[in-house]
Every structure is written in C-alpha cells, then in structure tokens.
There are 2 protein chains.
Amino acid sequence: MIGTMSELISVSQAEALIAEHMPTFGSERVRLDDAAGRVLRQAVHAEHDHPPFDRVMMDGIATHWSDALPRRLRVAGAQMAGMRMQSLPGEGSCLEVTTGAMLPAGSDCVIPVEQLRRDGDDVVLADDCHPFAGQFIHRRGSDCVQGTLLLSPGMRLGPAEMALLAANGVASVEVAAMPSIAIVSTGDELVDVGAPLGEGQIRRSNDTAVRTALRMDGFDRVAMEHIVDDETATRERIAHLLERHDVLLLSGGVSMGQRDYVPAALAAQGVRKVFHRIAQKPGKPMWFGIGPRGQAVFALPGNPVSALVCATRYARPALRQAQGMARPAPEYVCLDQDVDTNPTLASFVPARVESDAMGRLVAYPVPSRTSGDFSSLPRTHGFVQLPPGPGRATAGAAAVFYRW
Amino acid sequence: MIGTMSELISVSQAEALIAEHMPTFGSERVRLDDAAGRVLRQAVHAEHDHPPFDRVMMDGIATHWSDALPRRLRVAGAQMAGMRMQSLPGEGSCLEVTTGAMLPAGSDCVIPVEQLRRDGDDVVLADDCHPFAGQFIHRRGSDCVQGTLLLSPGMRLGPAEMALLAANGVASVEVAAMPSIAIVSTGDELVDVGAPLGEGQIRRSNDTAVRTALRMDGFDRVAMEHIVDDETATRERIAHLLERHDVLLLSGGVSMGQRDYVPAALAAQGVRKVFHRIAQKPGKPMWFGIGPRGQAVFALPGNPVSALVCATRYARPALRQAQGMARPAPEYVCLDQDVDTNPTLASFVPARVESDAMGRLVAYPVPSRTSGDFSSLPRTHGFVQLPPGPGRATAGAAAVFYRW
C-alpha cells in the first residue's frame, strides 16, 4: 500500500515531452463542403489571375474615354456579368455594363448609373459627372497573379480560407486526418446522467467536459466509455480501446489506490509511461504515455477542475500539433488583483477575462474552493498560468491565458 | 436607368434596426449529448449538495482523530468509492479508503497512503505524519448546496457548462432552436467550384465563406442555393426559400442594375425593406428586410471582403441574439500604426492581432487593395472598426475588433 512519489516535472517539461512523443495523424482528401474548420495540409496557389479579366466595378456604362468625350452616348448593347467579351462599336457609343462584367474591348472607362440619365437609346451624363480613363475598372491580376501562394499547410480553414479554396477551384482538399479518440472514465462511484443517484455515488461529468472541449476544436471522432473497477474488465477494455483508437483520454484511475487497475492494464498492453505528476496545481497527478502503435494516452486527474485544466493545457494543444496545425501565439492577460502563488507548483487559476477600453485583456480570477468545485467555472473563460515562486503575482502583472 | 441614392445610415443605426426587427427562434429540448455549443434556454439548479456526502480526498485510510491517536491502526475493512457508507468499528482502527469514497461513519480524519506503511493487518504512520481532525475531507455541500443557481438562460454550453449539466442529472436540456438558414448567391458570372471556368466567369466563394462563418457559431441547418439572372426563376426561387427558411442570406443582387431581379422578387413576397446602404467601407450596399412571417433577410454586398465583413458585423451577432444568447462584451485592440479614416464612412480594416507581453491585444492592419481582394484575409483574424472622421486613427489608439 506504500506508494512511491515520482519526481515532479515542470509544466514546460511536460509540454516538451508531450510534443516530442506525439504522433502525427496523417492527412486525407475531403470535399470542400466538408473542410470547414479542418487543418489544411497542402499549399494552395492562385488558379488564375484575380480578377481573371479587367472587371467592371459598378453598374452603368463602359465607353472609351477621351478629352472630347461627348455628354450624350448611344447605348450600342450590353455587357452583362458572365457574358463573353463584347466590343465597343466606336466613338460616341457605350455598352451598358453590370458589376462583375468583363470590360468590353475598346473601352477604358466605366460611368456609374447614378451619374447617368437614360434618354431613349442614349444616356446623358449628369452635369457633375467628370469621368477619367480607367475609372471603376478592377484590373486583371491586380489582387494577385496566377500561381501566387495563397494558403500554406497548417492553417485552420475558416471563412476566408474556405472562400479562397472555392474561388480557386479546389473542389477537394488535403486536410489533417481526424484522430479516433476514446474518452474513458473509471470508478464505481460514477453514475450516468440519466440514472438514479444512489448513496455514495456522483454523476459522471468529466467525460462530457472533455468531449465538449474537443468538439470545439473540431474533433468529432470521439467515443465515450466507462470502465468499472474490475481488474479483468479494465484489462480487456483497455486492450480493446488501444486497438481501435489513436488517442485515449482517461479521467481518474491513474493514482495509487489498490483499485486503480488502469496503470497495470496500460503496461500490459505495452503503453510506456512518459511522465507522471507535474509541478502544478490543480492537476498534479497528470500522466502521459505512448502505446506500441504510437497511441497517445493522457490520463487526466479525476477532479473536475483538474481534468478540464489538463485537457485544455496539454491534450488540446497536443492534438492540434499532431494534426500539423501551426502553433498559435500565446495570449497574455493583465491580472486585476494580487494572486497568491505556490512556492513550488505552477498555479492554474480560473478567470473571467474582459477587454478594457485601452485594448488590454484583464483577468479577474474566480478561485474555486477545491479542485472538485466546478460550479464557478461557467463564469470564467479559461485560466491564467502563474509560475511557481514565493509570494504573489501582483495586480497589473502579465500572465499567459488559456481558454477553455 | 437612373437610380436614387437611399440615405446612408450609421453602423450603430444599422445594428439597432436589425436588433429591433430580428425574430426570436424559440427553443427545443435536446439530449445532453447533442447540446454541446448550443445556447441554453433554461435555468439549471444544483440537483443535490456538491459534494453530496462528506467525501474522501485521498487514497489512504480514514480514522477517528484524537490527541492520543495510536501510530499503529488496525485495518478493519474498506470504504471504496461508490460504496454505501461503512462504519469505523472503534478506537485504534481504521478503514482503507479511496479518493471519492464516502467518509465512513465515526471517522473524521483521512491519512494519505504516502504517509503510511502496511504491516500485516495494520498500518503504521510514518514518523513525519502529524494528522489533524478534518484533514483531506471534502465536506458535503461545501462547493454548493442543493438548489443553487448554476446556469442561466443565454449561456453558450461549453465544457464547464456541459459538465455541470451532466453532474446535475440534466439528461435533456432546453436550448435555442436552430434556425433554418438559406445562403443564396445570384449572378450568371458565378461558376461552381468544380466546374470549368469560362470567359467572363469567376467561381462562387461568398456562399462558402458565409456558411463557414455560420458553422463556427454552430449554425448547421444551412442550405445553399444559386439563382441565375432570370426574372421568373428568381421570383419562384425566392418564394420557395422564404417558405422554407427562417433566414435568407443573399450575396450580391441587391444593387441597382437592371438584371437585379432580387429586390422585386422579395417585395412581391411581402419582404419589407428595413434599410439599404450603411455609411461604411467596405459593405456600403448592405440591405436588410423582414418577411411576412418574420423571416430575416440579409442582402450582403457581392464583393468577397464586403460580404464577409457584413456577415461578421451584422448577421452573426443578429443570429446569436435571436437565439437568446447573452451579448458578448466588445473586444478592444490597440492599433500598431496610424490608419487613415474616411471623413463620412466607418472603416472596417482587416487586421492580424497579437497579444503583447503586457496583455495588450495589438492590431496589425492588413489593408486589402480593393473590396474584391480577399487573398490577404488568411493572414488576418478579423477587422477593426474605425469611426468616420477626418484624418487618421493614430498608432496606440484603441478600436473595437470583430473576429471572423
């Protein structure tokens, strides 16, 4: 029953060890419709010049400008958006044009409809209309020329990136493959959300929290499983899960009680411990290992705040890295008040953040009473990380912030 | 062919008019599994005290503390997590306990396994173990008591909120209903992403951009439709779409060219214009109206930058409001450099943002050459809004930021 204390590693050591051992998930080709939010794994170049032709920028008419441009022009036809290129028949004439149309051959000046009056087959320029050559023409290739690098591997496909893919004819696109993830809870005291609650029982909630966090990053191949405190069942289920999934996220069960069958079950399947216990509060018992096929196994502490902090601080960034996503820049906040630090442990302090009118992001700590107290978390946006050290972090000091 | 200029309204007028006219989308009950990311439409109270019993916080033993606590205790049994409450048989004894177990009746002190040595049926306290009454016990109701308000309507269900729902037995939950949204593009020049590109044609991309933006807010009941430049077809399709959807997001087609059949088709179906044209750049031609059943119709300008800016600035916040979501606090940034403003129009300037080590969010403008140029948008995170006025916004000044 005596346990041995593993040596504590620092937060940055834990981060580096995870980064070093994480597999990469490979890539797959998906239809553009299914690519929103995915991580790009190819370069994308301009399919053609943008715009691909001299493009009319206003509804109105196109004509050939000269010093002696008459104030009355004969409308010789129309060049609508989507039409092949028309030609201006000659001096003193114009073609009606719409926004997005090709500039008709022979014309070099677009006059907007607001500056024109229609008179039979003619248009008459308004008195205050003083057109010049080249006006309201969006020149071919002026945004970018064919072959320009538009998107690089590692970008997440948001609205602008998706628009560029569509505009450049990328009907199917190479994106990071979705890992298959299992979220595993253990413990006989845990009851399903819909079941009656008996004496000594509480409801499972860490699995729901972690799944929601993963969904917000777009991870949708997520299975959930509960394992009862039984040695044989634990061994069988862990073996089964390691066969079918790329990533296991365990909640609880990797401590030192004699009913914690998970460590032995993982070892029996060849999962190698990379580290156990981080010098941090909450979340000290965090465990990380790698399976024989490169499966990543995160064993999160069982307390709700600890589990969510560790999933946010370690698992989500590791999964994004394994998808080849570019590492986001850290987000800094200013502390609104003094916060006590721990002499030897990094502190993760849940906080609400609000932008002040100077552009500073201010963090208002919302300390929880215990690492099991998650009832105050909905009033927070994430947590600040404070380094270990004596005394306190003072109001106004900057700290790195991690969003849920 | 003469057009009349509608009077321009300000950005804040446009925002207020949309807010005033938007319908509310009602609510629906979904299984907890399907609630991640949805907007909560009910209050949630604590189902029971948290924790629901005096809870053991460490693996180890539980005993009754006294001044004269012996250093050797007989292990009389075990109180595992999930078990009904056991009783301590008497002085000089203890029960083995695991994290999460009920505190056994008669005990008031938990001693962690790390401070114990097992010796046959006994445990011996380590020399440096100095226990005290109440240690490592998470008292019933100390996080919150039964009936405490935990979640309020209008919250978005992220990881912490979902965990609280699960922990409090909310197996099905009232959330905002998902509106049915149609994204409609118009224009004969627009070709599908997978089709060959003919002379005078470009590929459709605004519909993809807008759909991606909506998906990132969780809106997934989104249909996409392209309408060709034909009066009858436009009228029929608009009538059909207004029957089936709560929201129409049109891209292009609400300007003043004679081939713009959309305004007449909307009017014929009883869609009332609320405003047309906003004093802003880009996106001035933005149009908004309300249908006879309260359908919201946003007509976004056709240029890619304008369409995405208007979807982000107006449509997404309006849809969130219509779901009953609490209005998020504005996000302020500091400008990295002087930026020219327009004397009469609000400016929306795409920018990259990065947090500096002081906790300030600094905006680095990435101006596009034209409102059609979206090739630089992937290097940005959103746009700053600068009020109209002569001169320029100076480096270091604060501005409101909107994320894509």
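Atom set for the values below is all heavy atoms of this structure, side chains included, hydrogens, waters and symmetry mates excluded. On a predicted model such as this, the values are computed, not experimentally measured, just so you know. To find a chain, count down the sequence lines: A is the first, B the second, and so on, and within it residues start at 1.
- Only the side chain of Pro52(A) comes within less than 4.5 Å of a heavy atom in chain B; its backbone stays farther off.
- The neighbour count for Arg360(B) CZ, taken as heavy atoms of other residues, nucleotides or ligands under 6.0 Å away, does not exceed 12.
- Heavy-atom pairs under 4.5 Å with chain A were tallied for Ala101(B), Ala398(B), Gly37(B), Ala209(B); the largest tally goes to Ala209(B).
- Side chains of Asp143(A) and His138(A): a donor on one and an acceptor on the other come within 3.5 Å.
- Of the listed residues (Ala195(B), Ala167(B), Ala36(B)), the greatest number of heavy-atom pairs within a distance under 4.5 Å of chain A belongs to Ala167(B).
- Contacts between Leu157(B) and chain A at a heavy-atom distance below 4.5 Å involve the backbone alone (N, CA, C, O).
- No side-chain donor-acceptor contact under 3.5 Å links Asp59(A) and Thr98(A).
- Both the backbone and the side chain of Ala213(A) come within less than 4.5 Å of a heavy atom of chain B.
- In this structure, chain A has no heavy atom under 4.5 Å from any part of Leu335(B).
- Residue Met162(B) touches chain A through both its backbone and its side chain, counting heavy-atom pairs closer than 4.5 Å.
- Residue Leu151(B) touches chain A through its side chain alone, counting heavy-atom pairs closer than 4.5 Å.
- Annotation for Arg204(A): atom CZ counts as buried by contact number, over 12 foreign heavy atoms lying within 6.0 Å.
- For Gln79(A), no part lies near chain B; criterion is any non-hydrogen pair under 4.5 Å.
- When heavy atoms are compared at a cutoff of 4.5 Å, Asp192(B) does not approach chain A at all.
- Under a cut-off of 6.0 angstrom, the local environment of CE in Met224(A) is crowded, with over 12 non-hydrogen atoms contributed by other residues, nucleotides or ligands.
- Counting only heavy atoms from C-beta outward, the side chains of Arg403(B) and Thr312(B) never approach each other to under 4.5 Å.
- Heavy atoms closer than 4.5 Å to chain A are found in the side chain of Arg211(B), but not in its backbone.
- Considering only heavy-atom pairs separated by less than 4.5 Å from chain A, the leading option among Ala35(B), Ala163(B), Gly158(B), Ala78(B) is Ala163(B).
- Only the backbone of Asn168(B) comes within contact range of chain A, with heavy atoms under 4.5 Å apart.
- Only the backbone of Val170(A) comes within less than 4.5 Å of a heavy atom of chain B; no side-chain atom from C-beta onward does.
- At a 4.5 Å heavy-atom cutoff, the contact between Met85(B) and chain A is made by backbone and side-chain atoms alike.
- When each of Leu150(A), Leu32(A), Leu164(A) is scored by its heavy-atom pairs under 4.5 Å with chain B, the top score falls to Leu164(A).
- Interface remark: Pro328(B) contributes no atoms to any contact with chain A (heavy atom separation under 4.5 Å).
- Of the residues considered (Cys334(B), Gly169(B), Ala171(B)), Gly169(B) shows the highest number of contacts with chain A, using heavy-atom pairs under 4.5 Å.
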